[in-house]
Asks: 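Right, I'll just put the structure down here and ask away after.
Quantities reported herein were computed from a predicted structural model and do not represent experimental measurements. For the single chain, residues carry numbers from 1 onward in sequence order.
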Amino acid sequence: MKQFLLLLLLGFTLISNASDYNVLNYGAKADGITKDTKAVQAAIDACTKNGGGNVIIPAGKTVVIGTIYLKNFVTLYIENGAVLLGSPDIEDYTTDTHKNTYKNEPHMDRCLIYARDAQSFAIKGLGTIDANGHPKNFTKAKGGRPMMMRFLNCSNIQLKEVTLLNPAAWTSAWLYCDQIVVDGIKIISRVNNNGDGLDFDGCTNVRVANSSFDTSDDSICLQTSRPDKPCKDIVITNCVFTSKWAAMRIGLASRGNFESITVSNCTFHDIQDSGLKIQMNEGGEMKNMIFSNIVMKNVPRPFFLTFCQQRAGVDAPETMFSMKAMHSFSFNHMIIDNRELDKNSVIFLTGMPDNYITDIQLNNIQMTVAGGGTQVDSDKKDIKEFTLETLDGWWPEFSKVGTLPASGVYARHIDGLYINNFQLTTISDDKRKPIVLDDVLNFDLKSIFLNRKKIISKELKPH
């Protein structure tokens with residue numbers, strides 16, 4: 001009887017492991033030195049050929065690879081304590097992994113993990129993918145800086161629980177993909193330049209949750225490099241962001257439309273450029289976005305919205321595009337603490353003359369700033385427009401305009417601005433008004449407080 005039970009238990013074990021493909025069984029040395037690219041790819045190929053399963057990077061092992069290709073129904077499972085390590089040699093990264101879609105950046109075309117036209121695949125586990133992207137290994141002059149991951153025209157993708165470290169460029173590029181779940185991951189991408197976290201280009205049905213980001217560039221970026229591929233139905237929640245640049249950028253590459261995007265229950269801290277950077281440049285339409293229940297600390301330009309014309313994508317036509325629309329944004333229930341920063345920590349919303357951003361709501365926002373604005377700052381009127389001439393081929397950045405004449409909110413070329421229950425505290429004296437409106441039509445300001453004293457709306461008349 002005991003022998004029968006033992007055989008039965010063994011049978012169940014064999015059945016449960018039948019869909020596991022341990023890379024050690026395909027020739028991987030897993031010693032942290034030997035390049036195991038062929039072994040890992042052989043395990044992936046066997047897995048997809050047999051209908052799917054788990055390709056195992058075993059605990060306690062370091063597996064070195066160059067470019068690998070994920071395929072249908074494969075879960076790349078990196079066990080707790082395992083490391084999938086990128087090769088330090090650019091020659092180990094293939095050149096058939098599509099491209100970076102931004103202009104002037106072909107040195108970022110290669111990548112470590114690639115999938116094209118694949119469905120129902122995943123990267124999971126409590127282990128680590130370390131792209132080994134240190135400048136001693138990868139620079140533009142040394143042949144390029146490969147991204148960690150790129151997925152093209154894929155569907156039903158999951159990225160869960162893994163730690164993603166040290167990409168030489170972006171951590172991930174998701175191009176024209178549908179049905180994406182990212183949950184419980186950690187990204188640290190500080191060792192090289194352009195260390196974006198998650199870049200979703202023309203993607204739909206995206207859910208990102210319970211994750212943390214420490215990046216040298218935009219932590220999450222939503223973009224549209226093709227006019228026929230919108231970015232829509234995006235939900236981002238329960239995440240923590242710190243970044244050398246922006247926590248979230250929506251746009252810049254913006255040939256297609258953006259719509260139905262929500263960001264909630266997040267904290268942003270120690271961001272060097274902007275918190276929510278929303279930029280419509282290349283002719284698409286941007287609409288219907290809600291940002292709520294967010295805490296920011298040390299985040300200059302908590303919201304930075306720009307509507308202008310600028311070519312961002314490598315495939316975008318050289319001629320400028322007609323400007324469509326940028327409208328329907330709601331920012332609700334936020335605490336912003338910028339007392340440790342300088343006087344340039346302002347909410348900045350700007351369209352262009354005759355090309356307005358329309359229908360913006362700011363509700364229930366507490367904001368603390370250092371203050372220090374002078375009377376000269378307050379009287380400033382020559383705020384540069386984001387035009388082709390002033391941008392001179394580059395992005396619409398705050399550095400183009402400098403100090404603004406408001407201590408809290410500066411809004412320009414807006415039609416439909418509604419601010420309700422906005423509380424601004426300045427630590428030191430500031431000669432600027434808390435809110436300055438410049439060419440703003442159809443606005444309503446209610447319950448505006450400066451240092452706990454209510455401001456009469458007529459004191460905030462347009463600049």
Side-chain angles (χ1 to χ4, degrees), residues 163-167 170-172 182-200 208-222 234-250 261-279 289-305 329 331-349 362-372 397-399 404 407-409 422-428:
T163 295
L164 307 178
L165 299 179
N166 304 327
W170 296 3
T171 308
S172 65
V182 178
D183 195 353
I185 70 164
K186 178 169 66 175
I187 294 178
I188 302 176
S189 57
R190 291 273 188 167
V191 299
N192 214 318
N193 297 315
N194 304 109
D196 284 25
L198 304 172
D199 285 59
F200 300 106
V208 178
N210 309 316
S211 297
S212 67
F213 302 83
D214 184 355
T215 60
S216 65
D217 211 323
D218 306 324
S219 294
I220 293 181
C221 187
L222 309 180
I234 315 290
V235 176
I236 298 167
T237 190
N238 300 349
C239 292
V240 177
F241 299 89
T242 183
S243 176
K244 187 179 178 181
W245 201 236
M248 281 196 61
R249 187 199 291 268
I250 302 175
I261 295 166
T262 71
V263 179
S264 65
N265 303 339
C266 293
T267 66
F268 298 3
H269 69 92
D270 301 303
I271 310 293
Q272 292 187 29
D273 179 60
S274 302
L276 298 166
K277 197 168 188 176
I278 305 172
Q279 302 181 300
M289 303 183 188
I290 295 178
F291 308 89
S292 63
N293 297 354
I294 293 174
V295 174
M296 299 189 187
K297 182 176 174 62
N298 297 334
V299 181
R301 273 79 62 200
F303 327 142
F304 183 17
L305 277 68
F329 300 90
F331 302 86
N332 307 293
H333 301 289
M334 299 189 183
I335 296 177
I336 301 164
D337 185 352
N338 283 340
R339 72 186 71 203
E340 298 176 18
L341 302 180
D342 62 20
K343 61 184 177 181
N344 297 312
S345 301
V346 178
I347 294 171
F348 186 17
L349 319 170
L362 279 66
N363 299 305
N364 303 314
I365 295 174
Q366 295 181 33
M367 185 172 174
T368 303
V369 296
E397 303 291 4
F398 178 76
S399 59
L404 294 169
S407 57
V409 179
F422 180 82
Q423 177 184 342
L424 179 69
T425 300
T426 60
I427 299 302
S428 61

Asks: Where do Pro167 and Ile188 come nearest, in terms of heavy atoms and distance?
Replies: CD-O, 4.0 Å

Asks: Quick one, Val409 with Phe422, criterion side-chain contact (heavy atoms from CB on, under 4.5 Å). Give me CA distance, side-chain angles, the key distance, then yes/no.
Replies: CA-CA 10 Å; Val409 179; Phe422 180 82; 3.7 Å; yes

Asks: Locate the shortest heavy-atom distance separating Thr242 from Ser219; write the atom from each residue and the value.
Replies: O-OG, 3.8 Å

Asks: Would you call Ile250 and Phe329 a side-chain contact if the rule is heavy atoms closer than 4.5 Å?
Replies: no

Asks: How long is the straight-line distance from CE of Met334 back to CG of Leu276, given to the nearest 0.5 Å?
Replies: 6.0 Å

Asks: With no hydrogens and no angle check, do the side chains of Thr215 and Ser243 hold a donor and an acceptor under 3.5 Å apart?
Replies: yes

Asks: Could you give me the CA-CA distance, side-chain angles and deciding distance for Glu397 and Asp273, then say whether side-chain contact (heavy atoms from CB on, under 4.5 Å) is met?
Replies: CA-CA 9 Å; Glu397 303 291 4; Asp273 179 60; 4.2 Å; yes

Asks: Mind checking whether Asp342 and Pro300 have side chains closer than 4.5 Å, heavy atoms only?
Replies: no

Asks: Applying side-chain contact (heavy atoms from CB on, under 4.5 Å) to Ile185 and Leu198, what does each step give before you reach the verdict?
Replies: CA-CA 11 Å; Ile185 70 164; Leu198 304 172; 4.3 Å; yes

Asks: Measuring from Met296:CE to Arg301:CZ, what's the distance to the nearest 0.5 Å?
Replies: 12.0 Å

Asks: Find the distance between CG (Asn332) and CG (Asn293) and round it off to the nearest 0.5 Å.
Replies: 8.5 Å

Asks: Could you tell me whether Lys297 atom NZ has more than 12 heavy atoms of other residues or ligands within 6.0 Å of it?
Replies: yes

Asks: Any idea how Phe303 and Phe331 line up, ring-wise: parallel (<30°), tilted (30 to 60°), or perpendicular (>60°)?
Replies: parallel

Asks: List the atom of Asn193, the atom of Ser216, and the distance in Å for their closest heavy-atom pair.
Replies: C-OG, 4.2 Å

Asks: Of all the heavy-atom pairs spanning Phe291 and Ile278, show the shortest one and how long it is.
Replies: CZ-CD1, 3.6 Å

Asks: The test is side chain to side chain donor-acceptor pair (under 3.5 Å); show your working for Ser292 and Ser264 and say whether it passes.
Replies: CA-CA 5 Å; Ser292 63; Ser264 65; 4.9 Å; no

Asks: CG of Leu362 to CE of Met367: how many Å apart, nearest 0.5 Å?
Replies: 10.0 Å

Asks: If you measure from OG1 on Thr171 to CG on Asp217, what distance do you get to the nearest 0.5 Å?
Replies: 10.0 Å

Asks: Angle class for the Phe348/Phe304 ring planes (parallel below 30°, perpendicular above 60°, tilted otherwise)?
Replies: parallel

Asks: Considering all heavy atoms of both residues, which atom of Gly408 and which atom of Val346 are nearest to each other, and what is their separation?
Replies: O-CG1, 3.4 Å

Asks: Would you say the side-chain atoms of Ser428 pair up with the backbone N or O of Ala370, donor to acceptor, closer than 3.5 Å?
Replies: yes

Asks: Within this structure, what is the OG-CD1 distance for the pair Ser274 and Ile347, rounded to the nearest 0.5 Å?
Replies: 11.5 Å

Asks: Taking all non-hydrogen atoms of both residues into account, name the closest pair between Ser172 and Gly197 and its distance.
Replies: OG-O, 2.9 Å

Asks: Are the side chain of Arg190 and the backbone of Leu165 linked by a donor-acceptor contact shorter than 3.5 Å?
Replies: no

Asks: Donor-acceptor check, side chain of Ser211 to backbone of Ala209, threshold 3.5 angstrom: yes or no?
Replies: yes

Asks: Taking side chain to side chain contact (heavy atoms under 4.5 Å, CB included) as the criterion, tell me which of Val240, Asn298, Asp337, Val299 meets it with His269.
Replies: Val240

